[in-house]
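Before we start, here is the structure in question, set down as structure tokens.
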Amino acid sequence: MKGIFIMDIKNTNFDLKQTADSGQCFRMNQTGDNQYGLIAYGKYLNLIRMDEDTVRLGCGEEEYHQIWEGYFDLVYDYGSIIQSLLSGEDRFLSQAAAYGQGIRILRQEPFETMISFIISQNKNIPSIKNCIERLCERFGDYIDCKERPGGGYYTFPKAEILAGAEAGELRKLKLGYRDEYIIKASQAVADGSIDLDELSRCSYEKAFMKLKGIRGIGDKVANCIALYGLHHIEAFPVDVWINKAIKEFYNGSFDSGKYQGYAGIVQQYMFYYIRHLYAKGKGD
DNA sequence: ACCCAGGCCTGGA
DNA sequence: TCCAGGCATGGG
């Protein structure tokens with residue numbers, strides 16, 4: 001009844017490298033040539049780039065439809081958005097869209113997204129990844145795994161677990177001053193005073209305000225959680241890189257309202273492209 | 001040693 | 001409303 005545990009996905013706008021390097025997720029890593037491994041929703045998924053527009057997922061059909069099709073937003077048509085950007089008059093955006101046309105906006109677990117982006121503040125991406133792995137090793141569940149190079153892995157911790165963690169324990173994981181932010185946010189989720197599933201169903205504006213009520217979550221982090229965890233694709237996170245792009249290519253002001261309803265996708269192309277423009281010493 | 005990182009909070013103009 | 005400084009720590 002399970003069938004073969006391989007799913008080939010045909011999609012012209014699904015690039016593993018671009019998605020893994022897009023800064024949305026911190027547990028999708030390259031494991032070989034054209035090969036990536038992802039830990040999410042308590043599972044490990046192997047992904048292989050087969051050719052231009054084919055990705056092979058190491059999962060069965062049931063798991064695919066239950067988790068990964070939504071996770072990678074594969075039913076959504078990114079092609080038409082890219083086409084409109086390519087034919088638009090904004091030169092920077094058309095180049096950005098052309099460069100990052102394989103990026104997808106992920107539907108990550110809301111709680112993991114919330115904690116991950118609380119950690120992200122004032123850190124670079126490699127450092128964020130290291131912190132998250134340490135957090136998972138210390139507070140997540142160990143899962144035995146044969147498909148994964150390196151064997152078993154740790155799931156992202158549950159809110160109830162982190163809610164009961166001690167600040168000192170988190171400090172040992174090099175989370176710095178974010179320790180109390182993480183504990184308080186986890187407690188809010190665990191005791192029900194914030195309902196992340198409800199926030200994914202309500203409006204972006206309401207979700208944004210509710211998230212900002214949590215200590216350690218400001219405009220930028222709230223928008224990241226809204227976009228990558230709650231799939232409010234109108235959210236437009238502004239970080240140091242987006243600011244760089246706005247300063248350099250838009251004379252200091254950019255109106256994301258021109259892309260009503262999908263500004264977050266536009267933001268993602270901008271982020272990925274501006275980082276590429278500034279990248280030094282790394283061929284690609 | 002130095003500077004910056006997918007920022008946020010507080011306090012003072 | 002806007003800005004400066006502090007924050008805990010690792011990566012480059």
Side-chain angles (χ1 to χ4, degrees), chain A residues 18-29 96 99-100 103-106 108 110 112-138 165-186 188 194 208-249 252-254 256 263-284:
Chain A
Q18 291 182 8
T19 301
D21 294 343
S22 67
Q24 310 175 59
C25 61
F26 303 105
R27 305 194 78 194
M28 179 175 177
N29 293 302
Y99 183 69
I103 297 173
R104 320 287 304 182
I105 302 293
L106 306 177
Q108 301 182 79
E112 173 173 347
T113 310
M114 181 174 80
I115 299 300
S116 295
F117 279 94
I118 287 175
I119 291 172
S120 79
Q121 61 184 85
N122 219 29
K123 281 186 168 299
N124 57 34
I125 290 174
S127 175
I128 298 165
K129 288 186 174 189
N130 289 333
C131 283
I132 290 172
E133 286 314 308
R134 283 193 291 269
L135 189 68
C136 293
E137 282 169 25
R138 174 64 182 80
E166 287 179 28
E169 286 292 299
L170 295 181
R171 280 295 169 107
K172 287 181 194 163
L173 306 177
K174 311 297 183 186
L175 294 169
Y177 61 87
R178 304 159 189 79
D179 54 358
E180 289 291 355
Y181 295 162
I182 293 168
I183 292 170
K184 287 279 166 52
S186 300
I194 183 164
F208 178 77
M209 291 314 294
K210 186 84 181 175
L211 288 167
K212 278 198 57 168
I214 298 173
R215 276 185 66 79
I217 298 183
D219 287 11
K220 190 270 175 181
V221 168
N223 275 317
C224 285
I225 299 166
L227 183 54
Y228 312 132
L230 307 175
H231 208 75
H232 287 300
I233 59 172
E234 60 268 59
F236 191 87
V238 177
D239 71 330
V240 291
W241 291 101
I242 293 295
N243 263 327
K244 242 180 255 217
I246 292 175
K247 275 183 195 148
E248 189 167 331
F249 295 95
S253 85
F254 177 82
S256 65
I265 296 175
V266 170
Q267 184 271 359
Q268 204 54 211
Y269 296 141
M270 292 173 70
F271 177 80
Y272 187 70
Y273 187 52
I274 191 72
R275 291 189 81 219
H276 160 69
L277 293 182
Y278 275 84
K280 285 176 279 194
K282 288 190 179 180
D284 104 279

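Naming convention: chains lettered A, B, ... in sequence-line order (proteins, then strands); numbering from 1 in each chain. Keep in mind that the numbers below use all heavy atoms, side chains included, and drop hydrogens, waters and symmetry copies.
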Please answer whether the main-chain N or O of Y99(A) pairs with a side-chain N or O of Q18(A) as donor and acceptor at a distance below 3.5 Å.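 Answer holds: yes.
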
Would you mind checking if E169(A) and K172(A) are paired as a salt bridge, meaning a charged N to carboxylate O distance below 4.0 Å?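 Salt bridge between K172(A) and E169(A), a charged N being under 4.0 Å from a carboxylate O: yes.
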
Which is true for N130(A) with a 4.0 Å heavy-atom rule: it touches a base, it touches only sugar-phosphate, or it touches nothing? sugar-phosphate

Roughly how far apart, to the nearest Å, are dC3(B) and dG5(C) at atom P?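 One P to the other, the span is 15 Å.
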
Sort out the partner of dC4(B) for me: Watson-Crick or G-U wobble, both distances under 3.5 Å, none otherwise. dG10(C)

Decide yes or no, distance alone: a donor-acceptor N/O pair under 3.5 angstrom between the base of dG7(B) and the side-chain of Y177(A).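 Pair found.
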
Would you indicate what S116(A) reaches in the nucleic acid, counting non-hydrogen atoms under 4.0 angstrom: base, sugar-phosphate, or nothing? nothing

Among dA5(B), dG10(C), dC8(B), find the nucleotide with the atom closest to the side chain of Q121(A). dC8(B)

If you only use heavy atoms from C-beta on, which nucleotide in dT9(C), dG6(B), dG7(B) is closest to the side chain of I125(A)?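 Given the options dT9(C), dG6(B), dG7(B), the side chain of I125(A) is closest to dG6(B).
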
What's E180(A) touching, base or sugar-phosphate or nothing? Going by heavy atoms closer than 4.0 Å.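 Nothing, no heavy atom under 4.0 Å.
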
Just call it for F117(A): base, sugar-phosphate, or nothing, with non-hydrogen atoms closer than 4.0 Å on any strand.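 Touches nothing.
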
So does R134(A) get a side-chain nitrogen or oxygen closer than 4.0 Å to the phosphate oxygens (OP1/OP2) of dT9(C)?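 No, no such contact exists.
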
Please work out if F26(A) contacts a base, only the sugar-phosphate, or nothing of the nucleic acid, heavy-atom cut-off 4.0 Å. nothing

Looking only at atom P, what distance separates dG7(B) and dG12(C), rounded to whole Å?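 Comparing P positions in dG7(B) and dG12(C) gives a spacing of 16 Å.
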
Has the side chain of Y272(A) got a donor or acceptor atom sitting under 3.5 Å from an opposite partner on the base of dG6(B)?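 By the distance-only test, no, there is no pair.
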
Say whether K129(A) and N29(A), considering side chains only, have a donor N or O and an acceptor N or O under 3.5 Å apart.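 Yes, side-chain donor-acceptor contact under 3.5 Å.
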
Under-4.0 Å side-chain N/O to phosphate OP1/OP2 contact, N122(A) with dC7(C): no

In whole Å, what separates the P atom of dG10(C) from that of dC9(B)?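 Their P atoms lie roughly 23 Å apart.
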
Is a salt bridge present between R171(A) and E166(A), judged by a nitrogen-to-oxygen distance below 4.0 Å?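 The answer is no: the pair does not qualify as a salt bridge.
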
Out of dA5(B), dC8(B), dT9(C), which nucleotide sits closest to the side chain of V221(A)?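 Of the options given, the side chain of V221(A) lies nearest dC8(B).
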
Whole-Å P distance, dG6(B) and dA4(C):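 Comparing P positions in dG6(B) and dA4(C) gives a spacing of 22 Å.
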
Below the 4.0 Å mark, does dC8(B) have OP1 or OP2 next to a side-chain nitrogen or oxygen of K123(A)? no

Taking R178(A) for its side chain and Q121(A) for its backbone only, find out whether a donor-acceptor pair lies under 3.5 Å.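 Side chain of R178(A) to backbone of Q121(A): a pair is present.
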
Using a heavy-atom cut-off of under 4.0 Å over every strand shown, decide if K244(A) touches base, sugar-phosphate, or nothing.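 K244(A): backbone/sugar contact only, no base atoms under 4.0 Å.
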
Looking across every strand, which nucleic acid part, if any, lies under 4.0 Å from G23(A) by heavy atom: base, sugar-phosphate, or nothing?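 G23(A): base contact, heavy atoms under 4.0 Å.
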
So if I take every side-chain heavy atom of R215(A) and compare against dA5(B), dG10(C), dT10(B), which nucleotide ends up nearest? dT10(B)

